[in-house]
Amino acid sequence: MIVSWNVTKACNLNCKHCYRDAGKKDPSELNTKEAKELIKEISKSKFKIVVFSGGEPLLREDIYELISFSSKCGLRPVLGTNGTLINKDVAKRLKKAGLGCAGISLDSLNPEIHDEFRQKEGTWNKVLEAMKNCKDEGLRFQVHTTVLKINFKEITEITDFASELGASSHHIFFLVPTGRGREICDSSLSLTEYKMLLKKILEKQKETNIELKPVCAPQFLPLSKRLGINMSFERGCICGISYCCILPNGDIYPCPYLPVKIGNIREDKFSLIWQKGEILNRLRSLNYKGRCSICEYRISCGGCRARAFYYSGDYMAEDPNCIFKC
């Protein structure tokens, strides 16, 4: 059970793929009191992990306080960050606050490709420094990579690099065209490239000691079973089932990439929205359409609901990235 919480829309970068189109702070951002009440509700709803994301979550002044409070409420707080602000002092403060893990973005082994994608020179060097600072402070960290045509051939090399740096895992994000990501839709992998990379990642899992997870690529799970590769995940797409996203203003989405509002915590308690949301109940019904409705992997995979929505306007439609013939 995971909540991804975009605690702020403020960001110090202008990344090409940003699903939240981050930059300036949202004036209706939840204040500290509201944030703490939300954390209590998340814990009450039996969630285990809360991901503090953004924008850039480290730009929020009370982020250490919220991390600490989450830990005290029995949650495992983790961070989704571009890494450019994690100096030695920040790493030390995050560790002291009780952060469970820092997810740091690294999109290429080539500094120019990474910096161009993040649209700011010098970010690659700062990311490596951030990882070193986390390691020095004994703060667990993992590497996040967004896949595009420009970098998909080096993904497993990034895995090796992440392992050498001391990362605990490598999460590979397959682009869903939402937010600014719509503007680079043509950079997404073809279906052939998608299937090729999934197989390559799964084969890599057999030889690396760090966890690999394809994100927004639910076909990885049934494919892993076909290849006889054990993974620690129970389901591919968990959108609205054991996962949801909270925006800076308190709006709730089934996942960060599916822009369908299911409620707002200023209007109803999070626990009630999570239990009774009409859209959530529809997602949980698994009554998909098209090929996803008859697929033998309907339960273990589920198809990417966000990608289905982008291409058809219906989050229950078939996933156009399906690599199986039904």
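Residue numbers count from 1 along this sequence.
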Quick check against the 3.5 Å criterion: does K213 have a side-chain atom that pairs as donor or acceptor with the backbone of H170? no

Atom NZ of residue position K261 - does it have more than 12 heavy atoms of other residues, nucleotides or ligands inside 6.0 Å? yes

Flag yes if L280 and I252 sit in one hydrophobic cluster, no otherwise; membership is Ile, Leu, Val, Met, Phe, Trp, Tyr, and two members link when side-chain heavy atoms are under 4.5 Å apart. yes

Value rounded to 0.5 Å, distance of CD1 in I172 from CG in L197: 7.0 Å

Beyond-backbone contact of H17 with I184, side-chain heavy atoms, under 4.5 angstrom: yes

So which atom in C292 and which in G303 form the shortest heavy-atom distance, rounded to 0.1 Å? SG-CA, 4.4 Å

Can E34 and R266 be counted as an ion pair, charged N to O under 4.0 angstrom? yes

Between S108 and N110, do the side chains contain a donor N or O and an acceptor N or O under 3.5 Å apart? no

Thinking salt bridges, do E29 and K9 make one under a 4.0 Å N-O criterion? no

Taking 4.0 angstrom as the limit, do K120 and D115 come out as a salt bridge? no

I want to check something: taking the side chain as every heavy atom from C-beta on, are F141 and S168 in contact at a cut-off of under 4.5 Å? no

Strictly distance-based, threshold 3.5 Å: is any side-chain N or O of E41 a donor or acceptor partner for the main-chain N or O of K269? no

List the steps and the verdict of side chain to side chain donor-acceptor pair (under 3.5 Å) for D26 and T8. CA-CA 7 Å; D26 185 340; T8 185; over 6 Å; no

Backbone N or O of A22 within a donor-acceptor pair of the R180 side chain at under 3.5 Å? yes

Cation over ring, R282 on Y315, under 6.0 Å and within 45°? yes

Does the pair E137/K88 count as a salt bridge with the N-to-O cut at 4.0 Å? no

Return yes when atom CD of E121 has more than 12 non-hydrogen atoms of other residues, nucleotides or ligands closer than 6.0 Å, and no otherwise. no

Test item: I241 and R235 side chains (from C-beta on) under 4.5 Å apart, heavy atoms: yes

Could you pull out the closest heavy-atom pair between V78 and G100, with the gap in Å? CG1-C, 4.5 Å

First locate atom CD of E61, then atom CG of L66, and finally report the distance between them rounded to the nearest 0.5 Å. 11.5 Å

Does E193 offer a backbone N or O that forms a donor-acceptor pair with the side chain of S190 under 3.5 Å? yes

Counting heavy atoms not belonging to K96, are there more than 12 under 6.0 Å from its NZ? no

So for atom NZ, which belongs to K204, do other residues, nucleotides or ligands contribute more than 12 heavy atoms lying within a distance under 6.0 Å? yes

Hey, could you give me the OG1/CG distance between T123 and N12, rounded to the nearest 0.5 Å? 9.5 Å

CG/N230: more than 12 non-hydrogen atoms of other groups inside 6.0 Å: no

Compute whether any side-chain donor of one residue and acceptor of the other, for N249 and D251, lie under 3.5 angstrom apart. yes

Under 3.5 Å donor-acceptor, R298 side chain and Y288 backbone: no

Determine yes or no for a side-chain-to-main-chain donor-acceptor pair under 3.5 angstrom, with S224 supplying the side chain and M231 the backbone. no

Are Y297 and L221 side-chain neighbours, meaning at least one heavy-atom pair lies under 4.5 Å? no

So does A308 get a backbone contact from the side chain of S312, meaning a donor-acceptor N/O pair under 3.5 Å? yes

Salt bridge (Lys or Arg N to Asp or Glu O under 4.0 Å) between E183 and K16, intermediate numbers included: CA-CA 8 Å; E183 301 172 12; K16 290 185 174 182; over 6 Å; no

Less than 4.0 Å between a side-chain N and a carboxylate O, is that true for E129 and K132? no

Could you check whether atom CD of E234 has more than 12 heavy atoms from other residues, nucleotides or ligands sitting under 6.0 Å from it? no

Residue pair L58, L94: steps toward the side chain to side chain contact (heavy atoms under 4.5 Å, CB included) verdict: CA-CA 10 Å; L58 290 173; L94 289 171; 4.1 Å; yes

Working for side chain to side chain contact (heavy atoms under 4.5 Å, CB included), residues D89 and N133: CA-CA 9 Å; D89 180 62; N133 291 336; over 6 Å; no

Drop me the distance from L148's CG to L189's CG, to the nearest 0.5 angstrom. 7.5 Å

Going from CZ on F309 to SG on C304, what distance comes out if it is rounded to the nearest 0.5 angstrom? 12.0 Å

Under a 4.5 Å cut-off applied to non-hydrogen side-chain atoms, are M316 and S285 in contact? yes

S105 side chain near T81 side chain, heavy-atom distance below 4.5 Å: no

Strictly distance-based, threshold 3.5 Å: is any side-chain N or O of R305 a donor or acceptor partner for the main-chain N or O of L258? no

Step by step, would you call I49 with V3 a side chain to side chain contact (heavy atoms under 4.5 Å, CB included)? CA-CA 6 Å; I49 298 172; V3 167; over 6 Å; no

List for me each residue that meets side-chain hydrogen bond (donor to acceptor under 3.5 Å, both in side chains) alongside D319, sequence neighbours excluded, and say none if there are none. Q219

For a quick test of reading the model, state the closest non-hydrogen atom pair linking C73 to K40 and the distance between them. SG-CG, 4.5 Å

Is the CD1 atom of I150 crowded by more than 12 outside heavy atoms at less than 6.0 Å? no

Is N82 close to C11 at the side-chain level, that is, under 4.5 Å between some pair of heavy atoms? yes

At what distance, to the nearest 0.5 angstrom, does CG of D268 lie from CD1 of I262? 11.0 Å

Could you walk me through whether D160 and T156 pass the side chain to side chain contact (heavy atoms under 4.5 Å, CB included) test, one step at a time? CA-CA 6 Å; D160 290 333; T156 54; 5.7 Å; no

For residues 229-278, which residue pairs pass the ring pair (Phe, Tyr, Trp, His ring centres under 6.0 Å) check, not counting sequence neighbours? Y19-Y257, F47-F270, F47-W274, F220-F233

Using a 6.0 Å cut-off, check whether atom NZ of K200 has over 12 heavy atoms from anything other than its own residue. yes

Mark yes or no for whether N151, through its side chain, and T146, through its backbone, hold a donor-acceptor pair below 3.5 Å. yes

So V90 and L85, do their side chains get closer than 4.5 Å, heavy atoms only? no

Which atom pair, heavy atoms only, marks the closest approach of L223 to K199? CD2-CG, 3.9 Å

Could you tell me whether a side-chain N or O of E116 sits under 3.5 Å from a main-chain N or O of I113, the two making a donor and an acceptor? no

Got a sec, which hydrophobics cluster with L272, joining ILVMFWY side chains under 4.5 Å apart, including via others? none

Which atom pair, heavy atoms only, marks the closest approach of V143 to A162? CG2-CB, 3.6 Å

same_hphob_cluster(M1, I273) at 4.5 Å side-chain heavy-atom cutoff: yes

State, to 0.1 Å, how close G181 and L175 come at their nearest heavy-atom pair, and which atoms those are. O-CD2, 4.2 Å

Is the ring pair H171/H144 parallel, tilted or perpendicular, if the boundaries are 30 and 60 degrees? parallel

